[in-house]
Amino acid sequence: MDHAAEAQRTDLMTITRHALNEQGRHPESRGDFTILLSHIVLGCKFVASAVNKAGLAKLIGLAGETNIQGEEQKKLDVLSNEVFVKALVSSGRTCVLVSEENEEAIFVDAPLRGKYCVCFDPLDGSSNIDCGVSIGTIFGIYMIKDKDNATLEDVLQPGTDMIAAGYCMYGSSCTLVLSTGNGVNGFTLDPSLGEFILTHPNIKIPNKGKIYSVNEGNARNWDVPTARFVEKCKFPQDGSSPKSLRYIGSMVADVHRTLLYGGIFLYPADKKSPNGKLRVLYEVFPMSFLMEQAGGQSFTGKQRALDLVPTEIHQRSPIFLGSYDDVEEIKSLYASESSNA
């Protein structure tokens, strides 16, 4: 056994160590955010383990059957939701939770209340579980002004008020990407240690990318600027090479690729979904926050995505996010469309 190599493995930047380093830069910090983050990380590890077993679910009695205690086994997205709700409430640092799986916001009981609001999609892309495609958890964190008198209004804040956001992708590896407003860092779960290790420090999206990501099956329902943009991607008029189309259909996976390789991810409004499809609080805002922190842009077709002020917790919005220059191009197409209107 190479003891020197094993000892070297202890000198790793884990996500906990990273959070404590960030905390050290704020002398007034009491560690509340670090505790909250450690509970989110625990939830991600639990879900990663459950996702890895999902393919065996029917073989080992995990899906829709009753176990020996007489408890009905839960579908993975329902299980993931319960895991995160319990992890967040038990942290003692949350006040209001908004989940994609719950119709109403969850207000934490007074003895366990803290100063944070967490909006999350516990398992985004869960329809892809059975075919082994990457899925993930998305989360955004806000500060609540008065934890003892929290209302729904405290949740309906613009994305610019978000203090942290991230996602955990369960795929060929388990990757957690996080920003606390000071750049974007990516951590990969080392199964042998059970720890998230910093593998992608200070992620910066390229200014321009060679990939566009959109569901072209909706093309006949698109508005003119979106159709023109996609046409330019495929048939550029300036002599440049066409962009490649990559569309997984799982937002976490598509955005993760966009973040690392550059390009643009689009989920526009169309005739079927005039308000767009993706939810503002736990899909659009967290991903827009990360994209801007990495040097990219995010746009709704009308405004900067993070400037949007939601009026309900499950509100939807169109979204265009990715490399700065690519989003700038779609913005100019919308601007010329409105000036011609």
Side-chain angles (χ1 to χ4, degrees), residues 121 124-125 134 136 138 140 159-160 162 165-167 169 171 175 177-179 183-186 200 202-216 218-219 222-223 225-236 238 240-270 276-280 282-308 316-335 337:
D121 186 344
D124 181 72
S134 295
I138 310 172
T160 46
M162 200 170 266
Y167 60 80
M169 184 174 72
T175 307
V177 174
L178 175 72
S179 175
V184 181
N185 291 284
H200 296 75
N202 197 25
I203 297 170
K204 291 291 177 200
I205 186 170
N207 275 340
K208 195 169 179 62
K210 297 175 181 173
I211 295 170
Y212 73 104
S213 184
V214 65
N215 182 354
E216 288 220 44
N218 294 328
W222 287 342
D223 60 16
T226 301
R228 278 197 186 138
F229 178 79
V230 172
E231 191 71 9
K232 284 174 81 173
C233 289
K234 294 194 278 196
F235 306 103
D238 58 4
S240 61
S241 300
K243 290 186 190 293
S244 298
L245 169 66
R246 297 284 183 272
Y247 187 69
I248 299 164
S250 176
M251 189 192 191
V252 170
D254 279 313
V255 170
H256 186 65
R257 183 201 55 248
T258 305
L259 197 59
L260 295 184
Y261 299 165
I264 186 166
F265 170 82
L266 309 78
Y267 211 117
D270 58 33
K277 196 89 179 280
L278 299 176
R279 273 65 57 103
V280 172
Y282 42 83
E283 289 173 328
V284 171
F285 278 171
M287 294 309 201
S288 299
F289 185 90
L290 290 166
M291 208 52 82
E292 287 197 7
Q293 285 291 318
Q297 284 197 83
S298 184
F299 179 62
T300 66
K302 292 179 181 170
Q303 64 186 126
R304 176 190 176 204
L306 291 178
D307 287 337
L308 199 62
R316 299 173 191 264
S317 170
I319 189 67
F320 306 86
L321 52 79
S323 294
Y324 194 95
D325 292 352
D326 292 324
V327 177
E328 203 58 35
E329 202 171 321
I330 192 96
K331 282 164 75 175
S332 69
L333 286 167
Y334 270 98
E337 174 76 6

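Computed from heavy atoms alone, side chains included, the values below leave out hydrogens, waters and symmetry copies. Everything numeric here is computed off the predicted structure, so don't read it as measured data. One is the number of the first residue; the rest follow in order along the sequence.
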Would the distance check show the side chain of [X] and the main-chain N or O of [Y] forming a donor-acceptor pair, the cut-off being under 3.5 Å?
| X | Y | result |
| --- | --- | --- |
| Ser179 | Gly183 | yes |
| Arg246 | Ser213 | no |
| Ser250 | Ser134 | yes |

Tell me which pairs pass salt bridge (charged side-chain N to carboxylate O under 4.0 Å, His left out) where either residue lies in [range], with sequence neighbours left out.
| range | value |
| --- | --- |
| residues 249-265 | Asp254-Arg257 |
| residues 206-215 | Lys208-Asp326, Lys208-Glu329 |
| residues 282-293 | Arg279-Glu283, Glu292-Arg304 |

Would one find more than 12 heavy atoms of other residues, nucleotides or ligands at under 6.0 Å from atom [atom1] of [X]?
| X | atom1 | value |
| --- | --- | --- |
| Lys331 | NZ | yes |
| Lys302 | NZ | no |
| Tyr261 | OH | no |

Do [X] and [Y] make a side-chain contact, defined as non-hydrogen atoms from C-beta onward lying under 4.5 Å apart?
| X | Y | value |
| --- | --- | --- |
| Phe229 | Val214 | no |
| Tyr247 | Glu216 | no |
| Ser241 | Pro236 | no |

Find the distance between [atom1] ([X]) and [atom2] ([Y]) and round it off to the nearest 0.5 Å.
| X | Y | atom1 | atom2 | result |
| --- | --- | --- | --- | --- |
| Met291 | Leu321 | CE | CG | 4.5 Å |
| Ile264 | Tyr212 | CD1 | OH | 12.0 Å |
| Ser298 | Leu308 | OG | CG | 10.0 Å |
| His200 | Leu178 | NE2 | CG | 14.5 Å |
| Asn207 | Gln297 | CG | CD | 10.0 Å |
| Leu290 | Thr258 | CG | OG1 | 12.5 Å |

Nearest heavy-atom pair of [X] and [Y]: which atoms, and what distance?
| X | Y | value |
| --- | --- | --- |
| Thr226 | Leu266 | CG2-CD2, 4.3 Å |
| Ile248 | Ala253 | CD1-CB, 3.6 Å |
| Asn185 | Ile203 | C-CD1, 4.2 Å |
| Ala305 | Ile319 | CB-CD1, 3.7 Å |
| Phe289 | Met162 | CE1-O, 3.4 Å |
| Pro206 | Leu260 | CD-O, 4.2 Å |

### Message
Name the residue from Ile138, Asp121, Val284 that meets the side-chain contact (heavy atoms from CB on, under 4.5 Å) definition with Met251.
### Response
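Answer after filtering Ile138, Asp121, Val284: Ile138.
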### Task
Before accepting this row, confirm whether a basic side-chain N of the pair Glu231/Arg228 lies closer than 4.0 Å to the acidic partner's carboxylate O.
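No, Glu231 and Arg228 are not salt-bridged.
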#### Entry: Aromatic contact, Tyr334 with Phe320 (centres under 6.0 Å)
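Judged by ring-centre distance (under 6.0 Å), Tyr334 and Phe320 do meet the cut-off.
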### Task
Take Ser323 and Asp325 through the side-chain hydrogen bond (donor to acceptor under 3.5 Å, both in side chains) test and state the conclusion after the steps.
CA-CA 6 Å; Ser323 294; Asp325 292 352; over 6 Å; no
